[in-house]
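Reviewing the structure listed below.
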Amino acid sequence: MSGVAKLYLKARFVETQSASGYNAGPVPLWGKTNMRTLRVLLFAVLTISAAIAQQDQSQGSAPESAAQAAAKKDKKQPATTSAATADKASESAKPAEAKTEANEATDKEEHYDVAEVPPVVTHHQIALNGKTLNYTATTGRLPIKRGDGKTEAEMFFVAYTLDGQETARRPLTFAFNGGPGSASVWLHMGALGPKRVVLQPNGFMPAAPYRLEDNPDTLLDRTDIVMVDAMATGYSRAANAELTKKFLGVKGDVQGFGEFIRLYLSRYERWSSPLFLLGESYGTTRAAGIAGYLADHGIAFNGVTLLSMAVDFQTLEWNKSNDLPYLLLVPTFNMIAGYHHKLSADLTQDVAKTREEVVRWSNNEYALALGKGDAMTPEERRKIVEQLSRYIGLKPEVIEAHDLRIDVPTFTKELLLDRKLISGRLDGRFTSPNPGDERGGYDPTSAAILPPYTSAFNNYLRTELNYKSDMPYRVFAYDQPGFQTWEWGNAVEGFPSTASGLRSAMIKNPYMKILVMEGYYDLATPFAAANWTMDHLDLDGQYRQNISYSTYGSGHMVYIDRAEHDKMKKDLVEFMEKCLPK
């Protein structure tokens, strides 16, 4: 109870005393005669008590016990109560009050029940390519324990396993989204699981209410799937706020997922299964880190899929001292400008040819110009401004105003300004008028897909997977304590990166293969940035041949477009076949 609440209740108690007649005039139920009798009796009792006390003093008090004497000697308190004694008594009460206030503060913190509960197991079937597949869904949380066995957190997962399979030969894929701070609902209900959210064919939002359909592109016919939610997202929770911080960072996140994977392999006896990782966005940061971390703990993967890659943040975070992202954004700017008919006709006749031309130009002439900085001649600067304007569809004066360096917010606001529209960051094909509230960095893509996924998945959990919880399923955890101070680890060296972990895993396991999946309209993780990262892993030809690429005519979440989702499934199947032992 807060101090304010205590003061409020004390005031109410005093009011109640007064209203009830306590110490407030004559007692209503007693007459004057009875009151006089009561006074006489009270005087008699007091007289007798005084006489007894005087007799005790004259006879001497009873002998003290050794303990009582020792206590009196230690305390050395006078027999009478003085003002000094009262002050000491008041001071002795302060620690108790402080302790109470500390307990109240502790009670205000969020504490989560991390007692282990058996998972919910349900059985289902799906018709896929003319065949009926029977599968089991296991929904629950696995404990993350410290060395002495005490549970610090629990991570939420949904596992889909095909019935009647030999687990030693059956592939197992651990998949997750990123953020950091995003649950894995996107990959779960958009790409890999047996159900998917119904959107318009191009991935745009349909009208509510939202629904699910059988997913013809699920990977369940090729691999068992374990969808995992990062700490503080979905239903994953640490026991308290202090323990939550342990997992909110590059290192803690990787270790938490690594422990989850180890425990899952043990609990469900999958140590002999071919193993795969599939991460999206920051999930690729995590996947690269996990591959390196678990390689040193005896767990090797057959294949790792990096969808919308964010492994080296030097390629993504622009600032005054880092021009690299400006170069790597230009090809994606070009693709989005072409989609919205902002380029000249000669550049849109052969999109693939133009894309290659822009990649070459941005890596050469544009890179050299930015490198010169103020040393550029006026003529050199004019040529760069004109060419950049031609390739990305922005006015020359906008490019000049931003010193030839166009970032994502500038591009998304300026490209369709004449139509009073903003283009999407996660998927540049999406557009919307400006809603007027940009505190969180408004993105038409997120606004269009968040309601369908959130609504459909919450209903699916309860009705089909039979997992019921009163806790909120956190699609995002960005507003939770700790996420704004995410521990970026080696960022002190320049920029966060798990590229070294990925390289380490590839060197230590020369059989492991990597698939990089890229969306051409993705401004969050541009395809040119992914290519640059993979070209700078310091690998020779033996290891580079283990890297393959797949590209898509969609954005960050390539699978929300139906046609691109079909292609994604085919690419994943081909990749897995290359990874599996013959």
Step by step, work out the side-chain hydrogen bond (donor to acceptor under 3.5 Å, both in side chains) result for Y559 and E280.
CA-CA 11 Å; Y559 43 82; E280 178 183 320; 2.8 Å; yes
With a 4.5 Å cut-off on side-chain heavy atoms, are I299 and Y293 touching?
no
Using a 4.5 Å cut-off on heavy atoms from C-beta on, say whether the side chain of Q165 contacts that of T167.
no
Taking the ring centre of each residue, are W488 and F495 less than 6.0 Å apart?
no
The reported gap from OG in S497 to CG in D312 (rounded to nearest 0.5 angstrom) is 4.0 Å
What I want to check is whether the side chains of H556 and S281 have a donor and an acceptor closer together than 3.5 Å.
yes
Take D229 and Y473 through the test side-chain hydrogen bond (donor to acceptor under 3.5 Å, both in side chains) and record every step on the way to the result.
CA-CA 10 Å; D229 285 337; Y473 183 88; 2.7 Å; yes
So, do L133 and D221 sit near enough that their side-chain heavy atoms are less than 4.5 Å apart?
yes
Check whether the ring centres of Y235 and Y467 lie less than 6.0 Å apart, and answer yes or no.
yes
Aromatic contact between H188 and F157, with the criterion being ring centroids under 6.0 Å apart: yes or no?
no
Should we say atom NZ of K150 is surrounded by more than 12 heavy atoms from elsewhere, each under 6.0 Å from it?
no
Could I get the full list of ring pair (Phe, Tyr, Trp, His ring centres under 6.0 Å) partners for F276, not counting sequence neighbours?
none
I'd like to know if the side chain of T223 and the backbone of L219 have a donor-acceptor N/O pair within less than 3.5 Å.
no
Ring-plane angle category for Y264 and F260, please: parallel below 30°, perpendicular beyond 60°, tilted otherwise.
parallel
Under 30°, 30 to 60°, or over 60°: which ring-plane class applies to Y453 and W186, parallel, tilted or perpendicular?
tilted
Not counting sequence neighbours, which residues clear side-chain contact (heavy atoms from CB on, under 4.5 Å) with R211? List them please.
V198
Does D253 reach the side chain of F247, with side-chain heavy atoms less than 4.5 Å apart?
no
Looking at side-chain heavy atoms only, is the closest gap between D217 and K570 below 4.5 Å?
no
Report yes or no: is the cationic atom of R237 (NZ for Lys, CZ for Arg) under 6.0 Å from the centre of the six-membered ring of Y112, at an angle within 45° of the ring normal?
yes
Starting at CG of D479, measure out to CZ of R474 and round the result to the nearest 0.5 Å.
7.5 Å
Any chance you could measure Q545, atom CD, to L539, atom CG, to the nearest 0.5 Å?
11.0 Å
Is there a ring pair (Phe, Tyr, Trp, His ring centres under 6.0 Å) between Y552 and Y520? Walk through the geometry before answering.
CA-CA 6 Å; Y552 304 90; Y520 282 139; 8.6 Å; no
Charged N-O contact under 4.0 Å between R262 and E259
yes
Is the closest basic N to carboxylate O distance between R222 and E577 below 4.0 Å?
yes
dist H536:NE2 -> Q314:CD (nearest 0.5 Å) comes out at 9.0 Å
Do the non-hydrogen side-chain atoms of Y160 and H124 ever get within less than 4.5 Å of each other?
no
Can you find a heavy atom in the side chain of I422 that is under 4.5 Å from one in the side chain of T431?
no
CD/E269: more than 12 non-hydrogen atoms of other groups inside 6.0 Å:
no
Do T173 and D224 get their side chains close enough for a donor-acceptor pair, meaning under 3.5 Å?
no
Count the heavy atoms of every other residue, nucleotide or ligand shown that sit under 6.0 Å from OH of Y511, and state whether that count exceeds 12.
no
Are S554 and D427 close enough, and set up right, to give a side-chain hydrogen bond (donor to acceptor under 3.5 Å, both in side chains), and what steps lead you there?
CA-CA 7 Å; S554 54; D427 192 325; 5.4 Å; no
Do Y442 and S432 meet the criterion of a side-chain donor-acceptor pair at a distance under 3.5 Å?
yes
Once rounded to the nearest 0.5 Å, what's the spacing between atom NZ of K145 and atom OG1 of T151?
4.5 Å
Return the CD1 to CD distance between I290 and Q255, rounded to the nearest 0.5 Å.
11.0 Å
So E574 and K513, salt bridge (charged side-chain N to carboxylate O under 4.0 Å, His left out) or not? Walk me through it.
CA-CA 12 Å; E574 291 177 4; K513 294 178 171 55; over 6 Å; no
Answer yes or no: does atom CG of D148 have more than 12 heavy-atom neighbours from other residues, nucleotides or ligands under 6.0 Å?
yes
Any salt bridge between R562 and D566, counting N to O under 4.0 Å?
no
Measuring centre to centre across the rings, with the benzene-like ring taken for any Trp, is Y478 within less than 6.0 Å of W486?
no
Is the closest side-chain heavy-atom distance between T138 and P119 below 4.5 Å?
yes
Is the ring centre of F333 less than 6.0 Å from the ring centre of Y326?
no
Geometric cation-pi criterion, R286 with F176: 6.0 Å, 45°
yes
